[in-house]
Each structure stands twice: as C-alpha cells, then as structure tokens.
Amino acid sequence: MSDKYHELNREIHRIEAGVEASSDARAEDLKKERLVLLDEIAAMISQAKAGAK
C-alpha cells in the first residue's frame, strides 16, 4: 500500500511540475486516490498502535 501511495505521489508531482501531461480531471482523480490511500495507511498505523498497548 505504501508503494502504491509513493507511486501516485510521484506521478502527481510530475504532473504538477509539467514533466508529465495530464488532464485536470485525471490529476484530481489521482489526488483523491492518494488521499484514500493515505487515510487507509493512517488507519492501519492507528490500529497497530492501539494493539501494541
């Protein structure tokens, strides 16, 4: 999951830097997907911390 997040993040940065062409809709979809992954990762970390107590 972490690898997928970093892959999306790199693609978004390439689009924002103008290195990679993309429509605004595609860029927004990628950003939404990145946020979903980030939320899932945060939830997993939170659960792991709660389980460690």
Side-chain angles (χ1 to χ4, degrees):
M1 194 177 297
S2 175
D3 289 341
K4 179 66 176 170
Y5 172 82
H6 288 293
E7 180 184 322
L8 281 170
N9 198 46
R10 283 189 293 271
E11 186 172 353
I12 290 166
H13 285 283
R14 287 192 306 266
I15 291 168
E16 290 175 342
V19 174
E20 188 172 315
S22 176
S23 68
D24 289 343
R26 169 99 172 113
E28 289 304 313
D29 287 344
L30 291 172
K31 289 178 184 180
K32 289 176 186 175
E33 188 176 347
R34 179 178 63 177
L35 284 175
V36 168
L37 280 171
L38 190 58
D39 286 345
E40 291 174 2
I41 292 168
M44 290 173 69
I45 291 170
S46 180
Q47 289 174 351
K49 285 183 179 180
K53 289 183 179 182

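Everything numeric here is computed off the predicted structure, so don't read it as measured data.
Pairs passing the salt bridge (charged side-chain N to carboxylate O under 4.0 Å, His left out) check and including a residue from residues 15-25, sequence neighbours excluded, read Arg14-Glu20, Glu16-Lys31.
Atom OG of Ser46 sits about 12.0 Å away from atom CG of Asp39, to the nearest 0.5 Å. Separation of atoms CG (Leu35) and CG (Leu30) is listed at 11.5 Å; rounding is to 0.5 Å. One finds the CG atom of Leu8 at 11.0 Å from the CG atom of Leu38 (value rounded to the nearest 0.5 Å). Rounding to the nearest 0.5 angstrom, the gap separating the CG atom in Asp29 from the OG atom in Ser22 is 9.0 Å. With rounding to the nearest 0.5 angstrom, the CZ atom of Arg10 is 12.5 Å from the CZ atom of Arg34. The structure places CG of Asp3 at 11.0 Å from CE of Met1, a figure rounded to the nearest 0.5 Å.
In terms of heavy atoms, Ile15 sits closest to Ala27 at CG2-CB, 4.2 Å.
The one candidate from Glu33, Glu40, Lys32 that meets the side-chain contact (heavy atoms from CB on, under 4.5 Å) condition with Val36 is Glu40.
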Check against side-chain contact (heavy atoms from CB on, under 4.5 Å), Arg26 and Glu11: CA-CA 11 Å; Arg26 169 99 172 113; Glu11 186 172 353; 3.0 Å; yes
